[in-house]
J.: 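Dropping the structure in here first, questions after.
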2 protein chains.
Amino acid sequence: MKNTRITLKDLAKELNLSASTISRALVNHPAISEATKKIVQKKADELGFIPNSIAASFRMKRTQTIGVIVPRIDIHFHSLVISGIEEFAYNNGYNVTIFQSKDSLKREKEIIKILQNKMVDGVIVCLGIETQNCDHFKKINKSGIPLVFYDRVPTDFDANKIVINDFESAYLATEHLIKNGCTTIGHISGSQTTNIFKARLEGFKAALKKHHLPIEESLILFTKNLTYEEGVACAEKYLESPLKLDGVFCANDYTAVSVIQVFRKAEIKIPEEIAIVGFSNYPISRIIEPHLTTINDRAFQMGEAATKLLIRQIEEKDDDIKSETITLKTELIVRESSSRN
Amino acid sequence: MKNTRITLKDLAKELNLSASTISRALVNHPAISEATKKIVQKKADELGFIPNSIAASFRMKRTQTIGVIVPRIDIHFHSLVISGIEEFAYNNGYNVTIFQSKDSLKREKEIIKILQNKMVDGVIVCLGIETQNCDHFKKINKSGIPLVFYDRVPTDFDANKIVINDFESAYLATEHLIKNGCTTIGHISGSQTTNIFKARLEGFKAALKKHHLPIEESLILFTKNLTYEEGVACAEKYLESPLKLDGVFCANDYTAVSVIQVFRKAEIKIPEEIAIVGFSNYPISRIIEPHLTTINDRAFQMGEAATKLLIRQIEEKDDDIKSETITLKTELIVRESSSRN
DNA sequence: TTAATTTGCGCAAACGTTTGCATAACTATT
DNA sequence: AATAGTTATGCAAACGTTTGCGCAAATTAA
C-alpha cells in the first residue's frame, strides 16, 4: 500500500490500450467508443486510479484554482464572502486557496507572487487598508490572470469590481429615519480614506438635503475603525451635545450597538426618543435589544457574484480582458430600533 | 507581453549555464558558487522570472499546500481556526485551500477525492455532523497524507487531534458558579451525539457532585443546535420551573445570551438573582449587557496547533505515522454576568 | 466492387522542474 | 610532478498528463 499510485500508463498496459485512450476515455471524449469508456472506467475503479491533477495542471497550464486575498478571515463580513466564493467555486469545479493580507501591503505583494507561481486561474481580492497603489495587481492582470475586487476596490484602474451602492444604501437608511419622524440625525462614520465610508456619509447628507433638513456638522462623528469602543465614545459625545438628537445612522452595526447601549444606560428610550440604524446586518443586530434596523450588505452574494464573474472571465476565450462593475442591491431591514410605527 | 513566461531554460541559455545550475542557484544550493548565484539572481530579476511551482510540485510530488475541511466557513469559531491555520501555514511556506462540507457526508467524501487528486501535503478537518464513519479519512491517511482533526474529531480511529478539555472547562465554569454562591444550577446542552457537548454536560455534573449539590435532571435542557432561538425557549422553560434557579451554565454563548435577555425581560436581576456562564467567548459576550462570563475556547490557537502538528508530520522523514492528541488549555473569562463579588 | 467518409485508437512530443551521477577545473598534498 | 581531494557545473532522465496528427478499420456512398 506504499506510494505507488496507479497512473494512466498502468491502466493502459493493463488494458492493452494507449495512455491517450485512457485519458480521453476518462474525460468522456467523443472520439472514444462507449464500450471502451465503460471498460476503462471499470478498470480505473478497480485499481483505485487517482488522477494526478498536478500533472494535468502542469500540462494544461490550468489549475482550476482561484486565489482569494482578504484582509482577515475572521472578520464576519469576509468569512461570509469567502463562504459564497467557496460555494460557487465548488459547484463549478474550482478550488479556493485563501490568504490574509493582514492589511499589509508587503504581504499583499508577496501573496501576489505566490499566486503567480502557483498559476491560479484567477484571483478575488479585497484590498488591504494600506494599499493605495495597485501596480502589483495591474502586473498580474497583464500577465493574463483575471482579477475581481470586492468591497474595498481600487480606484486607480478599472478592474472588475463587485460592490454595493453605499451611497444609495445610506440614503435609504437616513430617509427611513426621516420618515420615522427624526429631524436631528447624527452619523457615525468610518475612515474617510476608505471610499465606502465616504459614500455612506455622502448618502447620509444627500438624504438630509433632499428632505430639507440642516446638516449639522457637529453630529457627524468620525472613527478610525468603527469599533465598538469608538462607538461608545461617539455615543457619549452625542449625550453631551447641546442639540437633542432623535436619530443616528451608523456606518456599521458595532457602533450602532454601542449607541443603543449607551443611550439605554442613559435611560433614553429607543426608538421612541431616538431611532438607530446600523449597517451590515451582523448577527448581533437581531440579538441586541431592541433589535437593530440595518442594511443587509449581501456579503454571501458578493462572494458568489465575484466568483461567477471571475469564472466567466477565466473561461471566456477572447483574451481582451474587459472590466465590469457589478453593484449589488442592498436591503433595509427594519427592526425595532427605528420603528416608531 | 503575451504568455511567454520565462523559464529556467531561458535563463540558462541567456547566461550560458545549464538549467540545473540555474535551478540550484535559485534555491541557494551549497554546490553553487556565490558568484554565479549572484549572476543568476540578477538575471532572474531582470527578466522577471516567475518560478513555476506547478512544475516543481509535479516533479517533487509536493505541493506545499494543505487542505482544510470545515462544516462552514461563516461560523465564527471556524473562521477563527482557519485564520490560525492560514497564519501559521503562511509563515512556514504553505498555502491553504479550504472546503466547506456543509455537514454533508457525501460532500466530505468528494472533497477527500479532490484533495488526493490535487496532492495536498496534508489535511486539517473538523468533521461534519453526519459523519459517523471515518473510512474515507482512513483511506487518505493510509495513502500517506497526514491528517489532523480539530474540535469535532473521530472516535473510531486514533488520528491526530487538537481539542480542548471540554469536561474540565465545563467543570471549571460550573465550579465558578458554585463559588459565587449558586446552588440551583441549570445547564443548556447541545446534541448528545456530539462528544464535546456530552463532555460539557459531564463536566457540569461532576462539579455539582464534587460540591455535593443535587443534580436536578429537570434543569438540564437539551437543544439541537444551540441556537439563539433554542436558547430563548430553554430560558422560558426555566422561568416556569418550580425550582428557583440561581445559575445557568450554557454550552455556548448564543444560548447564554438568550438566557440573559429573557431573564432580564422578566425583571430578574443578573447576576444578583441568577448568574450566567457561556462557552466560546464569542464577540457578543463582551457586548451583551451584562457582559458574559464565558470560556475562551482558543479557536485561533487551535488552528495554529493543528497546522504546526500537521507540518511536523509532513516534514518528518520517518513515515510511520504516529498519532497525537493535543489538548489546549482553556480559560475562564469572568465578566459581569456571574460576578457577585 | 471501389472510393470516400467516418470512427476509434495509438504515437510521440511537450509542459518546466529537480536530482543522481558524471565530469571538468582547481587546490592541496605528497 | 603525480595523486588525491574538493569545488563547481553539466547531462539527461523522469514526473503523468494532454493533444495534434496520423493511420487503420469500419462504415457508407457511388
Side-chain angles (χ1 to χ4, degrees), chain A residues 2-41 43-44 47-65 93 114 116-119 121 143-144, chain B residues 2-41 43-44 47-65 93 114 116-119 121 143-144:
Chain A
K2 207 56 268 177
N3 302 322
T4 39
R5 203 157 150 157
I6 304 281
T7 71
L8 287 186
K9 287 182 187 171
D10 298 331
L11 281 179
K13 205 167 293 173
E14 195 78 14
L15 291 169
N16 276 326
L17 288 171
S18 74
S20 24
T21 300
I22 308 289
S23 171
R24 290 194 254 247
L26 290 173
V27 297
N28 205 23
H29 191 286
I32 304 296
S33 73
E34 288 305 319
T36 52
K37 278 180 191 169
K38 285 268 189 303
I39 306 278
V40 170
Q41 189 57 62
K43 201 68 175 178
L47 299 189
F49 169 69
I50 300 170
N52 184 331
S53 314
I54 297 296
S57 292
F58 172 47
R59 165 66 222 241
M60 299 199 294
K61 293 162 165 352
R62 238 156 143 281
T63 52
Q64 296 294 116
T65 295
I114 297 175
Q116 285 189 279
N117 293 353
K118 289 242 171 175
M119 307 219 297
D121 295 340
S143 83
Chain B
K2 205 60 266 180
N3 300 322
T4 39
R5 204 156 148 156
I6 305 280
T7 71
L8 288 186
K9 287 182 188 171
D10 297 332
L11 281 179
K13 204 167 295 174
E14 195 78 14
L15 291 169
N16 274 326
L17 288 171
S18 73
S20 25
T21 300
I22 308 290
S23 172
R24 290 194 253 251
L26 290 174
V27 297
N28 206 22
H29 191 289
I32 303 296
S33 74
E34 287 307 316
T36 54
K37 277 180 192 169
K38 285 269 189 305
I39 306 281
V40 170
Q41 190 58 60
K43 201 68 176 180
L47 300 190
F49 169 69
I50 300 170
N52 183 332
S53 313
I54 296 295
S57 292
F58 173 48
R59 166 67 222 242
M60 300 200 292
K61 292 161 169 348
R62 247 165 132 274
T63 52
Q64 296 295 118
T65 295
I114 297 174
Q116 284 189 279
N117 293 354
K118 289 242 171 174
M119 307 219 298
D121 294 340
S143 84

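Below, chain A is the first sequence line, B the second, and so on; all start at residue 1. Any value given below was found using the heavy atoms of this structure, including those in side chains, with hydrogens, waters and symmetry copies removed. In this text, all values refer to a predicted model and were calculated from it rather than measured experimentally.
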J.: Protein-nucleotides 12-15 of chain C N/O pairs closer than 3.5 Å?
T.:
from, atom 1, to, atom 2, distance (Å)
C:dC15, O3', A:Lys61, NZ, 3.2

J.: Going by heavy atoms closer than 4.0 Å, what residues in residues 29-36 of chain A are next to DNA chain D?
T.: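 Heavy-atom contacts with DNA chain D come from no residue of residues 29-36 of chain A; none.
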J.: Identify, between B:Asn16 and A:Pro51, the residue whose nearest nucleotide on DNA chain D lies closer to the 5' end.
T.: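 On the 5' side of the pair lies B:Asn16.
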J.: Check the distance between C:dG16's P and A:Asn117's CG and give it to me in whole angstrom.
T.: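 Taking CG of A:Asn117 and P of C:dG16, I get 14 Å after rounding.
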J.: Between CG of B:Leu26 and OG1 of B:Thr21, what distance do you get to the nearest 0.5 Å?
T.: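 Answer rounded to 0.5 Å: 10.5 Å.
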J.: Measure CG/A:Leu17 against P/D:dA24 and give the value in whole Å, please.
T.: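 From A:Leu17 CG to D:dA24 P: 18 Å.
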J.: Enumerate donor-acceptor pairs with a distance under 3.5 Å from any side-chain N or O in residues 30-37 of chain B to protein atoms, sequence neighbours excluded.
T.:
from, atom 1, to, atom 2, distance (Å)
B:Ser33, OG, B:Thr36, N, 3.3
B:Ser33, OG, B:Thr36, OG1, 3.1
B:Thr36, OG1, B:Ser33, O, 3.0
B:Lys37, NZ, B:Asn28, OD1, 2.9
B:Lys37, NZ, B:His29, O, 3.0

J.: What is the distance, to the nearest angstrom, from the CD1 atom on A:Ile22 to the P atom on C:dG10?
T.: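 After rounding, the reported distance stands at 8 Å.
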J.: Assess whether one donor atom and one acceptor atom, taken from the side chain of A:Arg24 and the base of C:dG8, lie less than 3.5 Å apart.
T.: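 Not at all, since no donor on one side and acceptor on the other fall under 3.5 Å apart.
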J.: Can you tell me the distance, in whole Å, between the CG atom of A:Leu8 and the C1' atom of C:dC11?
T.: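 One finds 15 Å between C1' of C:dC11 and CG of A:Leu8, rounded.
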J.: Any side-chain to backbone donor/acceptor pair from B:Lys118 onto A:Thr63? Under 3.5 Å, distance only.
T.: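 At least one qualifying donor-acceptor pair exists.
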J.: Separation of B:Gln64 atom CD from C:dT17 atom C1', in whole Å?
T.: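 These atoms are roughly 14 Å apart.
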J.: Between D:dT9 atom C1' and B:Leu26 atom CG, what is the distance in whole Å?
T.: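 From B:Leu26 CG to D:dT9 C1': 15 Å.
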J.: Out of A:Leu11, A:Ile22, A:Val40, A:Asp10, which one pairs with A:Phe49 under the side chain to side chain contact (heavy atoms under 4.5 Å, CB included) rule?
T.: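 Of the listed residues A:Leu11, A:Ile22, A:Val40, A:Asp10, the side chain to side chain contact (heavy atoms under 4.5 Å, CB included) partner of A:Phe49 is A:Leu11.
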